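A short write-up of the structure that comes next.
Residues take their numbers from the sequence shown, with the count starting at 1. Remember, it's a predicted structure, so these values are computed and weren't measured experimentally.
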Amino acid sequence: MQLSFEKYHSLGNDYLVYDCVRQDSPLNARAIRLICDRNYGLGSDGILVGPMDWKGRIGFMTLNSDGSVAKRSGNGICIFAKYLRDAGYIQKKKFFLHTESGDVEVFFLNEEGSRMKITMGKLSFDCKDVGAVGLGEEAVNIPLLIGGKEYKVTCVSIGNPHCIIPLDEISKERVCEIGKYLEYESCFPDGINTVLVKLLKRNHVGMEVYERGAGYTLSAGTSSCAAVGALFRLGLVDNQTYIHAPGGEVHVSIDEDWTAHVTGRVCHIGRMRLAEEFITNQKLLLP
């Protein structure tokens, strides 16, 4: 009886990869929460489960650290693509990868697969796609009362929803405060990722992120795309912009049809295996 994982990070956003082909023990929500716990488990922002066959394409599932399913994670995509190369599943330089919210295109920029460009799909400002209610057809630069204070927000989806809030000053403490509030805001019944952005100079943007189901993260690929898309829509940046998050820097480009691309980096940390005693005592494999 064993559970083993490969741990990676992409600009500080760390995930455990669980290869469901080479081991077949199911992971329930309780086990995911414990495994991802940074004090009592291995520690991670989430678990990537795959590879799975999806109509002839390789797919995977992203599980948040609270056990919920994430529709899409840009850094998760980068990490799982790197794992596929490391594990010998993929040798091609360019391929499609299936996620819960559709296919993305991966293009490796070096032989090791540690740098890549991901075509993430089209940005949408439609509140139906965002999952926002009571905010009109689009929520672009609208006032929203958050914790008794009014902010100008822009909501955008790229397979998962984001609330972009430009501010003069951003911090971990502030994004956590706002993000925790928006987790239970009635106009976002399924939750939303909170993204605070600060214009550093033209085409350079600072970012802090609080993700639904995962909490504070050092970086986020989809949030980077959403942030640039929102600021481009507002005329504050060009369609090619650098995002500076606590975990590092990424480059985002937006096409005329609002297709977003992000260039990211991945580091393999190592293999981690849970002790049989831990699995038994914690009853991780029980339904």
Side-chain angles (χ1 to χ4, degrees), residues 1-10 12-52 54 59-80 83 97-102 131 157-163 175-176 179-186 188-195 209-223 269 271-287:
M1 182 190 303
Q2 68 175 33
L3 290 174
S4 63
F5 304 84
E6 298 291 341
K7 187 167 185 177
Y8 294 79
H9 83 85
S10 179
N13 193 190
D14 61 333
Y15 280 95
L16 297 166
V17 177
Y18 181 77
D19 191 319
C20 61
V21 171
R22 298 176 181 177
Q23 49 191 343
D24 58 2
S25 299
L27 298 176
N28 58 45
R30 177 183 168 276
I32 293 163
R33 289 192 294 270
L34 184 55
I35 292 167
C36 292
D37 191 284
R38 298 191 183 277
N39 298 110
Y40 296 100
L42 299 178
S44 175
D45 286 327
I47 299 178
L48 310 177
V49 180
M52 307 165 182
W54 179 263
F60 75 103
M61 179 180 294
T62 303
L63 302 173
N64 292 318
S65 58
D66 68 354
S68 62
V69 176
K71 290 293 185 181
R72 179 168 293 185
S73 163
N75 288 338
I77 291 167
C78 290
I79 286 170
F80 197 76
Y83 173 74
L97 186 57
H98 182 77
T99 73
E100 286 288 304
S101 59
S157 172
I158 185 166
N160 59 349
H162 305 265
C163 180
V175 76
C176 288
K180 289 174 183 177
Y181 184 91
L182 290 182
E183 275 189 306
Y184 303 102
E185 173 55 52
S186 59
F188 305 118
D190 296 323
I192 198 163
N193 297 322
T194 300
V195 185
V209 179
Y210 185 94
E211 293 187 304
R212 61 174 185 175
Y216 180 76
T217 57
L218 295 177
S219 66
T222 56
S223 294
I269 298 170
R271 176 169 294 178
M272 308 181 79
R273 187 174 68 183
L274 289 173
E276 183 174 343
E277 179 183 2
F278 180 83
I279 295 171
T280 302
N281 291 344
Q282 298 297 329
K283 301 177 181 178
L284 290 190
L285 300 183
L286 293 180

Taking [X] for its side chain and [Y] for its backbone only, find out whether a donor-acceptor pair lies under 3.5 Å.
X	Y	value
N64	G46	no
N193	P161	yes
S219	S10	yes
E100	T62	no
D45	D14	yes
K7	S44	no

Which pair of heavy atoms, one from [X] and one from [Y], lies closest together, and at what distance?
X	Y	result
A214	S65	CA-OG, 3.7 Å
P189	S186	CD-O, 3.6 Å
L3	Q23	CA-OE1, 3.8 Å
C20	V49	CB-CG1, 4.0 Å

Check: [Y] and [X] side chains under 4.5 Å, non-hydrogen atoms:
X	Y	value
L284	I35	yes
L34	F278	yes
M52	H98	no
I77	T222	no
P51	F80	yes

Could you walk me through whether T99 and F60 pass the side-chain contact (heavy atoms from CB on, under 4.5 Å) check?
CA-CA 6 Å; T99 73; F60 75 103; 4.0 Å; yes
Could you grab the distance from atom [atom1] of [X] to atom [atom2] of [Y], nearest 0.5 Å is fine?
X	Y	atom1	atom2	value
L285	L27	CG	CG	8.0 Å
S4	M272	OG	CE	11.5 Å
R33	S68	CZ	OG	9.5 Å
S73	N13	OG	CG	5.5 Å
R273	I279	CZ	CD1	9.0 Å
E211	I192	CD	CD1	12.5 Å

State which residue, out of I269, L63, L48, fulfils the side-chain contact (heavy atoms from CB on, under 4.5 Å) condition with Y15.
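Single pass found, and it is L48.
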Residue among T217, V209, T194 satisfying side-chain contact (heavy atoms from CB on, under 4.5 Å) with S223:
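Of the listed residues T217, V209, T194, the side-chain contact (heavy atoms from CB on, under 4.5 Å) partner of S223 is V209.
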Evaluate the ring planes of F5 and Y18, with Trp represented by its six-membered ring, and classify them as parallel (under 30°), tilted (30 to 60°) or perpendicular (over 60°).
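The arrangement is tilted - the two ring planes meet at 30° to 60°.
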Near R271 CZ, under 6.0 Å, is it more than 12 heavy atoms from other residues, nucleotides or ligands?
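Not buried by this count: 12 neighbours or fewer within 6.0 Å.
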Where do R212 and D190 land on the side-chain contact (heavy atoms from CB on, under 4.5 Å) test, with the steps shown first?
CA-CA 9 Å; R212 61 174 185 175; D190 296 323; 4.1 Å; yes
Please step through side chain to side chain donor-acceptor pair (under 3.5 Å) for the pair S101 and N160, ending with a clear verdict.
CA-CA 8 Å; S101 59; N160 59 349; over 6 Å; no
